[in-house]
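This report refers to the structure that appears directly beneath it.
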Amino acid sequence: MNDPDPAVLEAAAAGADAVLSGLGPRKAAEYSIVSRGTRAIVTAMRAERVRRLVVVSVTGVLALPTPARPHPPGDPGVGVFVRTVLGPLARLRLGGHYADVARMEDDLRASGLDWTSVQLSVLTNRPPTGRYRTSCEQSVPRGYRIARADAAHFVLACLGMPETVGHSIAVAY
């Protein structure tokens, strides 16, 4: 895993109105790619004076402890089954990745940029519906999945939604 190249990121951000980030690991060993990559993107955006950043995140990550949030509140959007069965299984299987995304969320909050984090649940390859639910700073209740096309639609829509700035917004069916 190579370190992000600041010159490449600055060139990509130069003249942009906004940056969209969909960083994620390709291999199990790439545990820090999301937080490291986002920090590098934020640095490049500051250098190029770009303010708007929309990133893809993971539903439920705000309930994970981090150094900046050692005692996070629970997620009121998560039901009992997810909290007691699915959540622990996901953290067991993907714990390092979840922790990395939680650190990214902390970095966004400290960035000083006009950021939005779009928290996605399980992605499917189904056709887009154009109908989904959102929830601010918590998971969408009973929102277990979303089509990639609908997720992409919402990520792009956030660019024109100033009410999402400075928030983590979950989106699901």
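The structure presented is a predicted model; accordingly, all values stated were derived computationally and were not measured. Positions are given from 1, in the same order as the sequence printed here.
Pro162 is not listed as a side-chain neighbour of Arg52, based on a closest heavy-atom distance of 4.5 Å or more. At a threshold of 4.5 Å between non-hydrogen side-chain atoms, the residues Pro65 and Pro72 count as touching. Counting only heavy atoms from C-beta outward, the side chains of Arg36 and Asp100 never approach each other to under 4.5 Å. Using a 4.5 Å heavy-atom threshold, the side chains of Thr59 and Val140 count as separate. No side-chain heavy atom of Val54 sits under 4.5 Å from any side-chain heavy atom of Thr164.
In the hydrophobic clustering of this structure, Trp115 groups with Val61; members are Ile, Leu, Val, Met, Phe, Trp, Tyr whose side-chain heavy atoms approach within less than 4.5 Å, directly or through other members. Clustering ILVMFWY residues whenever any of their side-chain heavy atoms sit less than 4.5 angstrom apart, transitively, puts Tyr132 in a cluster other than the one holding Val122. Leu108 and Val165 fall into different hydrophobic clusters, defined by Ile, Leu, Val, Met, Phe, Trp and Tyr side-chain heavy atoms under 4.5 Å apart, directly or through other members. A continuous path of Ile, Leu, Val, Met, Phe, Trp and Tyr side chains, each step under 4.5 Å between heavy atoms, connects Val118 with Met161, placing both in one hydrophobic cluster. Clustering ILVMFWY residues whenever any of their side-chain heavy atoms sit less than 4.5 angstrom apart, transitively, puts Leu123 in a cluster other than the one holding Tyr144.
Annotation: the span from Arg39 atom CZ to Met104 atom CE amounts to 11.0 Å, rounded to 0.5 Å. With rounding to the nearest 0.5 angstrom, the CG atom of Leu62 is 6.0 Å from the CD atom of Glu137. Here the straight-line distance linking atom SG of Cys136 with atom CD of Glu163 works out to 9.5 Å at 0.5 Å rounding. For the atom pair Leu20 CG and Leu159 CG, the distance stands at 5.0 Å (nearest 0.5 Å). Atoms CZ and CG, on Arg148 and Asn125 in that order, are 4.5 Å from each other to the nearest 0.5 Å.
Under 3.5 Å, the side chains of Ser35 and Asp107 contain no donor-acceptor pair of N or O atoms. Side chain to side chain, Arg109 and Ser168 meet the donor-acceptor criterion of an N or O pair below 3.5 Å.
Closest non-hydrogen pair, Gly60 versus Gln119, comes out as N-OE1, 4.1 Å. The nearest pair of heavy atoms linking Leu120 to Ala151 is CD2-CB, 3.7 Å.
Test Val171, Ile169, Val56 against Val155 for side chain to side chain contact (heavy atoms under 4.5 Å, CB included) and you get one pass: Val56. When the options Leu53, Val55, Val50 are evaluated for a side chain to side chain contact (heavy atoms under 4.5 Å, CB included) with Val42, the one that passes is Leu53. Evaluated for a side chain to side chain contact (heavy atoms under 4.5 Å, CB included) with Val101, the options Thr66, Leu64, Val58 yield exactly one hit, Val58.
A donor-acceptor pair under 3.5 Å is formed between the side chain of Arg133 and the backbone N or O of Pro141. The backbone N or O of Ser139 lies less than 3.5 Å from a partner atom in the side chain of Asp75, making a donor-acceptor pair. Looking at Arg46, its side chain does come within 3.5 Å of a backbone N or O of Ser111 through a donor-acceptor pair. One N or O on the side chain of Asp150 and one on the backbone of Thr129 form a donor-acceptor pair closer than 3.5 Å.
The neighbour count for His153 NE2, taken as heavy atoms of other residues, nucleotides or ligands under 6.0 Å away, does not exceed 12. Within 6.0 Å of CZ in Arg145 there are 12 or fewer heavy atoms belonging to other residues, nucleotides or ligands. Remark: Arg126 CZ is loosely packed, at most 12 non-hydrogen atoms of other residues, nucleotides or ligands lying under 6.0 Å away.
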* Start with the C-alpha distance between Leu23 and Ile41, add both sets of side-chain angles, then the distance that settles side-chain contact (heavy atoms from CB on, under 4.5 Å), and finish with yes or no. => CA-CA 10 Å; Leu23 291 174; Ile41 289 168; 4.0 Å; yes

